[in-house]
A.B. asks: 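I'd like to ask you about the structure that follows.
The shown structure was predicted, so the numbers you read here are calculated from the model rather than taken from an experiment. Every heavy atom of this structure was used, including side-chain atoms; hydrogens, water molecules and symmetry mates were not.
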Amino acid sequence: MKRFLLVITLLAACATQIQAATLEEKVVEYSMKNGMKLLMVERHTSPTVSAWIRFKVGSVDERSDERGIAHMLEHMLFKGTTTLGTKNYAAEKPILDNIEEVAQTLIAEKAKGDKADGRIIAELDKKLTALETDASQYVVKDEFFELYSKNGGTGYNAFTSRDGTTYLINLPANKLELWAAIESDRLQNAVLREFYTERAVVMEERRRSYDADPESKLWETFVASSFLAHPYGQPTIGWMTDIENLTRSKAERFFHSYYAPNNAIVAIVGDIDAEKTKTLVERYFSAIKPGKVLPPVTAMEPKQLGERRIELVAEAEPGVIIGFHKPAVSTPDDYVFDVISMILGSGRTSRFHKKLVIEKQIATDIGTFNAPGERYPNLFIVSVNPRAPHTVAEVEDAVQAELDLLKTTPVSARDLQRILNKIEYEEARRMGTNGGLARNLTEYEATTGSWRYMIEHRGMIAKVTPADIMRVANTYFTRENRTVGFITKKGGDK
């Protein structure tokens with residue numbers, strides 16, 4: 001039996017080495033003169049391609065008067081350009097300018113608070129609505145989506161995080177030039193039409209997904225309480241007052257400053273010829289001028305000197321989030337946290353699941369992850385839902401007991417090997433699709449500085465020792481470094 005396991009382990013290790021070597025050989029890198037980074041992988045298994053654009057601009061890069069603007073731009077960049085999404089831009093533009101003038105006047109009047117003139121606000125609201133109705137006659141809804149869809153595009157989407165903003169699409173390989181034409185047009189000629197009607201949509205999204213949802217509200221409050229100085233503590237969607245004060249002019253300035261080739265990483269994976277693809281991308285994107293270099297986030301979170309506890313009383317089942325401050329991605333201790341996360345919270349064989357869910361039956365589910373970003377020091381999170389009639393206090397004590405065990409009892413070699421095998425499986429699964437590989441290429445290039453983190457990660461994990469785990473557990477899993485957030489059901493016990 002031992003011999004069989006040894007063979008399996010050796011085969012798995014060999015497969016990983018081959019996979020890493022193959023990826024190292026297959027990724028074609030190209031940096032354009034305007035700063036755009038292009039990563040290409042030829043895969044001829046099907047006549048399709050995934051194209052991802054990652055802008056290294058997220059909510060962590062916003063100033064205090066810009067909070068929510070990156071997420072707002074995610075919405076707005078689907079609205080079209082001077083030629084797409086409009087029936088007549090020449091006729092539309094003067095109305096858009098009038099809308100902006102009225103909207104800014106309205107925001108300024110509302111900012112007066114108790115001294116604001118209600119009559120003026122009502123008049124401006126009415127005028128803004130009339131202008132938006134007038135502008136709507138020129139709008140062609142969802143023209144980007146329709147163009148892609150008619151040409152076989154699927155999965156057209158975008159997402160914004162604290163660390164960046166990504167736009168993605170899957171296409172037939174022979175339609176890649178359509179992607180290049182649309183996306184280069186969007187970078188150069190985006191028009192943020194319907195800004196204030198879309199702002200209302202985002203405000204409703206905030207009410208529905210955060211303010212009215214206890215679990216989301218707890219998470220948002222927990223993160224804000226964990227970061228007192230660093231902008232990781234601010235929600236990507238922004239607080240409601242942030243959204244209310246966003247203007248199209250402010251969004252345009254942010255867009256033209258940072259959504260530019262020098263802050264962009266493009267990954268194209270699929271049935272392509274790398275040299276021809278490079279020529280195609282050059283033809284469409286090389287004339288676009290670089291934008292401003294993103295200034296680094298200089299705010300540093302002060303060391304936490306005592307436990308913080310956040311309670312949310314709501315009509316919801318109890319839940320608890322426990323977080324500990326930790327270093328950023330690709331730092332030496334971050335690799336140790338990756339190992340700890342898999343030991344404690346990865347799957348049904350993890351310690352948390354076996355102890356709290358199966359053996360003690362005091363939790364319905366439990367998991368671990370890093371949040372809220374990766375570029376800067378972040379949090380190691382344990383999220384758990386108690387099983388009735390067990391309380392938050394019970395699961396909190398059980399979690400801490402498992403964390404304390406790591407401080408004194410070395411992890412076995414067998415557990416470490418199991419983690420390595422699981423990493424191999426997960427990495428292979430994530431890279432099994434064109435989209436999965438494109439996502440990883442752009443994600444790691446943006447957050448760690450090199451996509452090669454993907455192929456170096458397992459090797460760094462393999463160097464983690466039981467002594468490293470004990471050291472990190474003793475250093476970070478302390479009461480003064482802990483933040484706890486929990487939901488108490490109205491009328492119930494903690």
A.B. asks: Please tell me whether Asn170 and Ser50 have a donor and an acceptor in their side chains that are separated by less than 3.5 angstrom.
C.D. replies: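 Yes.
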
A.B. asks: Quick one: do Thr478 and Asn481 satisfy side chain to side chain donor-acceptor pair (under 3.5 Å)? Show the steps, please.
C.D. replies: CA-CA 5 Å; Thr478 63; Asn481 190 41; 4.9 Å; no

A.B. asks: Check step by step if side chain to side chain donor-acceptor pair (under 3.5 Å) holds for Ser249 and Gln104.
C.D. replies: CA-CA 9 Å; Ser249 296; Gln104 291 206 30; 3.1 Å; yes

A.B. asks: Would you call Glu66 and Lys250 a salt bridge, taking side-chain N to carboxylate O under 4.0 Å as the test?
C.D. replies: no

A.B. asks: Any chance the rings of Phe227 and His325 have centres within less than 6.0 Å?
C.D. replies: yes

A.B. asks: Closest approach of Ala260 and Lys289, non-hydrogen atoms and distance?
C.D. replies: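 Smallest heavy-atom distance, with atoms named: CB-O, 4.2 Å.
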
A.B. asks: Do the side chains of Arg67 and Glu62 get close enough for a salt bridge, i.e. N-O under 4.0 angstrom?
C.D. replies: no

A.B. asks: Report the C-alpha separation of Asn370 and Glu374 in whole Å, then their side-chain angles, then the decisive distance to 0.1 Å, and conclude whether the side chain to side chain donor-acceptor pair (under 3.5 Å) test is met.
C.D. replies: CA-CA 8 Å; Asn370 296 332; Glu374 295 283 357; 4.5 Å; no

A.B. asks: When you look at Thr349 and Arg418, which way does the side chain to side chain donor-acceptor pair (under 3.5 Å) test go after all the steps?
C.D. replies: CA-CA 10 Å; Thr349 59; Arg418 179 178 60 83; 3.3 Å; yes

A.B. asks: Any carboxylate oxygen within less than 4.0 angstrom of a Lys/Arg side-chain nitrogen, looking at Arg308 and Glu480?
C.D. replies: no

A.B. asks: Can you confirm if the NZ or CZ of Arg439 lies within 45° of the ring axis of Phe159 and under 6.0 Å from the centre of its six-membered ring?
C.D. replies: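 Because its charged atom sits under 6.0 Å from the ring centre and within 45° of the axis, Arg439 does stack over Phe159.
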
A.B. asks: Just checking, is any N or O donor in the side chain of Gln400 or Arg479 under 3.5 Å from an acceptor N or O on the other one?
C.D. replies: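 Absent: no donor and acceptor within the cut-off.
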
A.B. asks: Using a strict cut-off of less than 4.0 Å between a Lys/Arg side-chain nitrogen and an Asp/Glu carboxylate oxygen, indicate whether Glu443 and Arg54 qualify as a salt bridge.
C.D. replies: yes

A.B. asks: Between Tyr167 and Phe78, is the ring centre distance below 6.0 Å?
C.D. replies: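 Under 6.0 Å, so yes.
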
A.B. asks: Does the pair Glu101/Lys127 count as a salt bridge with the N-to-O cut at 4.0 Å?
C.D. replies: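 Judged by the 4.0 Å cut-off on N to carboxylate O distance, Glu101 and Lys127 do not form a salt bridge.
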
A.B. asks: Does the plane of the ring in Phe144 sit parallel, tilted or perpendicular to the ring in Tyr156? Use 30° and 60° as the thresholds.
C.D. replies: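 Phe144 vs Tyr156 ring planes: perpendicular.
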
A.B. asks: Indicate whether the side chain of Asp338 and that of His457 have a donor and an acceptor atom separated by less than 3.5 Å.
C.D. replies: yes

A.B. asks: Once you round to the nearest 0.5 Å, how far does NZ of Lys217 lie from CD1 of Ile310?
C.D. replies: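 Nearest 0.5 Å value for the NZ-CD1 distance: 13.0 Å.
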
A.B. asks: Is Lys354 paired with Glu359 through a side-chain N to carboxylate O contact shorter than 4.0 Å?
C.D. replies: no

A.B. asks: So, are Lys326 and Asp333 salt-bridged, with charged N and O less than 4.0 Å apart?
C.D. replies: no

A.B. asks: Between Ser341 and Thr368, is any side-chain donor less than 3.5 angstrom from a side-chain acceptor?
C.D. replies: yes

A.B. asks: With the threshold set at 4.0 Å, does a side-chain nitrogen-carboxylate oxygen contact exist between Arg351 and Asp415?
C.D. replies: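 A salt bridge links Arg351 with Asp415.
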
A.B. asks: Are the ring centres of Phe477 and Phe380 closer than 6.0 Å?
C.D. replies: yes

A.B. asks: So, are Arg248 and Asp97 salt-bridged, with charged N and O less than 4.0 Å apart?
C.D. replies: yes

A.B. asks: Could you tell me whether Lys489 and Glu315 have a side-chain N and a carboxylate O separated by less than 4.0 Å?
C.D. replies: no

A.B. asks: Between Arg309 and Glu311, does at least one N-O distance fall below 4.0 Å, as a salt bridge requires?
C.D. replies: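 Not counted as a salt bridge, because no side-chain N and carboxylate O are separated by less than 4.0 Å.
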
A.B. asks: Taking NZ, NE, NH1 and NH2 as the nitrogens, is one of them in Arg186 or Glu183 under 4.0 Å from a carboxylate oxygen of the other?
C.D. replies: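 A salt bridge is present here (some side-chain N lies under 4.0 Å from a carboxylate O).
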
A.B. asks: List the steps and the verdict of ring pair (Phe, Tyr, Trp, His ring centres under 6.0 Å) for Phe324 and Tyr476.
C.D. replies: CA-CA 7 Å; Phe324 299 88; Tyr476 297 97; 9.2 Å; no

A.B. asks: Minimum heavy-atom separation for Leu416 to Val464, with atom names?
C.D. replies: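 For Leu416 versus Val464, the nearest heavy atoms are CD1-O, 4.0 Å.
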
A.B. asks: If the threshold is 4.0 Å, N to carboxylate O, is there a salt bridge linking Arg208 and Glu205?
C.D. replies: no

